[in-house]
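Notes for the one structure printed next.
All chains are named by letter (A, B, ...) in the order of the sequence lines, taking the proteins before the strands, and each is independently numbered beginning at 1.
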2 protein chains.
Amino acid sequence: MNKKSLVEQTEKKLLAYLNEADTKAGSPFPTEKELGEELGVSRTVVREALNRLKAMGIIDSRTNRGSVVASPDILHLMEKAIVPQILDQETLKEIFELRLVLEVGMSDLVFMRTTRTDLVELHKIVEEESEKNGSIFDVDHEVAFHGKLYELTGNSTLSRLQSLLLPSFQYVYDNHLIQHSEDTAFMSHKDLIHELENGTAESFRNGMRKHLENHYSRLFAS
Amino acid sequence: MNKKSLVEQTEKKLLAYLNEADTKAGSPFPTEKELGEELGVSRTVVREALNRLKAMGIIDSRTNRGSVVASPDILHLMEKAIVPQILDQETLKEIFELRLVLEVGMSDLVFMRTTRTDLVELHKIVEEESEKNGSIFDVDHEVAFHGKLYELTGNSTLSRLQSLLLPSFQYVYDNHLIQHSEDTAFMSHKDLIHELENGTAESFRNGMRKHLENHYSRLFAS
DNA sequence: TAATTTGATATATCATACAAATATGTAGAT
DNA sequence: ATCTACATATTTGTATGATATATCAAATTA
């Protein structure tokens, strides 16, 4: 009784075809007419199915040139699909956890790849931070500092993943879904930089974990 | 020269509308006819644009009920799209790094959420591991053990991200892009479980980092 | 009141037509 | 024989109308 729509079925068949066939980027695709006859559906349905693949960046099409297999950029896909406002609470929470996981986990990459020049920039960010409002929690500064850290990993996939998830964090903060307790940020940004300069990979990693302690404790409290 | 197709333009407008409007899951969407009149395009174009949103899981539609905003699954897209993808070396490397980042970073989640029952299962996995081939590196065991850890985070987004990236790891292993040095995996799976049972969150985290030392050192060597 | 029928409405699919872009074939000039 | 200009065919892009199907809501009936 599982009667998915024709379009969905067709889309599935097309994806299956892509998997079976020895396709690589640039491989040609049958014409809409052929596909329609082959699969026994109208051209409309074929078109809609193809459209979905196009939306996902799996194929490209141009007038009269037919469709060809493309090499999709997965992260770009996610960028389009993420509309923070319509993500449910549970997903937002998981994304927030993912952020914590990423930041603690990337410590080693940051530690190994940070150069002297990078340290200067980090210091600058922290100073601007303390100039303005010393105690009040500011999302922009938070983003500036941590965003820089992502950048320092030298891993563009990781970095893009962060900017991808950023709107969700923003949303979480804006709606006070996660409140920042300002009492004792035992490990400040300044302290973190200090570890980065004088500590070890391990001490920096554990320092990062401490820096995020507020978030973690709230996570495990609920 | 913004000569994108009408469908793409329309899709963009619809997404913009979603971002502007105060939409949440379940919010109704104008009918195809209305949208067509509003945007000055035919119903065909509207349908194809809506179809794309449907493919991305951003909206749901059922006959006569119109379309409603859905709570999209951010990974769903990637899961569908990653199949035929041909990743270049650089991206593969970055994905591998991402794995390391995730596994070290998720240590705290694992540590806090692992139950006694989970420990039993982990022990079982490790024993099956040592029964077969004690010294030879086996991808399946690796996946079984680490996959279990992801599961223990209780974060389904994280867990799915792993299974999503898995094919890439497999590829990396298969092509010996990253060779596993079998000499002294100082921190074995068994040792890790021991930390999980008797250690602290920090010791487990650092143990996980040690366990992945081989990969890390190879990473930083090149 | 509860169940059923009916009607209105919106999406799902089909069929067709034409427009626009591109590839291909053809004729003529050189 | 080769090149160019033009005509033709092919394929996707867009538009329109028609029919099928599912759903809700109102009307009807028991």
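Under the 4.0 Å criterion applied to side-chain N and carboxylate O atoms, A/Lys148 and A/Glu151 are assigned as salt-bridge partners. Salt bridge A/Arg209/B/Asp108: present, at least one basic N to carboxylate O contact under 4.0 Å.
Checked against D/dG13, C/dA12, C/dT13, the side chain of A/Val45 finds its nearest nucleotide in C/dT13. For A/Thr44, the side-chain atoms get nearest to C/dA15 when compared with the rest of D/dA15, D/dT12, C/dA15. Which of C/dT11, D/dT23, D/dG13 sits closest to the side chain of B/Asn64 comes down to D/dT23.
A/Phe29 places its CZ atom 22 Å from the P atom of D/dT10, with the value rounded to the nearest Å. Atom-to-atom, CD of B/Glu48 to P of D/dT16 comes out at 14 Å; the value is rounded to the nearest Å. Distance, A/Lys33 NZ to D/dG13 P: 16 Å, rounded to whole Å. One interatomic measurement links the two molecules: CZ of B/Arg62 to C1' of D/dC24, which rounds to 11 Å at whole-angstrom precision. Between the P atom of D/dT10 and the CD atom of A/Glu37 lies a distance of 13 Å, rounded to the nearest Å. One interatomic measurement links the two molecules: CG of A/Asn51 to P of D/dT14, which rounds to 9 Å at whole-angstrom precision. Between the CD atom of B/Glu32 and the C1' atom of C/dT13 there is a distance of 12 Å, rounded to whole Å. For A/Glu11 and C/dA12, the CD to C1' distance is 16 Å, given to the nearest whole Å.
Among the atoms of the strands shown, base atoms are found under 4.0 Å from some heavy atom of B/Arg47.
Between B/His189 and B/Phe145, the ring planes lie parallel to each other; the angle is under 30°, not in the 30° to 60° tilted range.
Side-chain N/O atoms of A/Lys54 include one lying less than 4.0 angstrom from OP1 or OP2 on D/dG13.
Where A/Ser42 and B/Thr63 meet DNA chain C, the nucleotide closest to each residue was compared, and B/Thr63 sits on the side nearer the 5' end. Residue whose closest nucleotide on DNA chain C sits further toward the 5' end, between B/Ser61 and A/Arg65: B/Ser61.
Remark: A/Arg205 fails to qualify as a cation-pi partner of A/Phe111 under the 6.0 Å distance and 45° angle criteria applied to the six-membered ring.
On a pure distance criterion of 3.5 Å, no polar donor-acceptor pair joins the side chain of B/Thr31 and the base of C/dA10. With hydrogens and angles left out, the side chain of A/Arg43 and the base of D/dG13 share a donor-acceptor pair within 3.5 Å.
Between the B/Asn51 side chain and the B/Glu48 main chain, no donor and acceptor come within less than 3.5 Å of each other.
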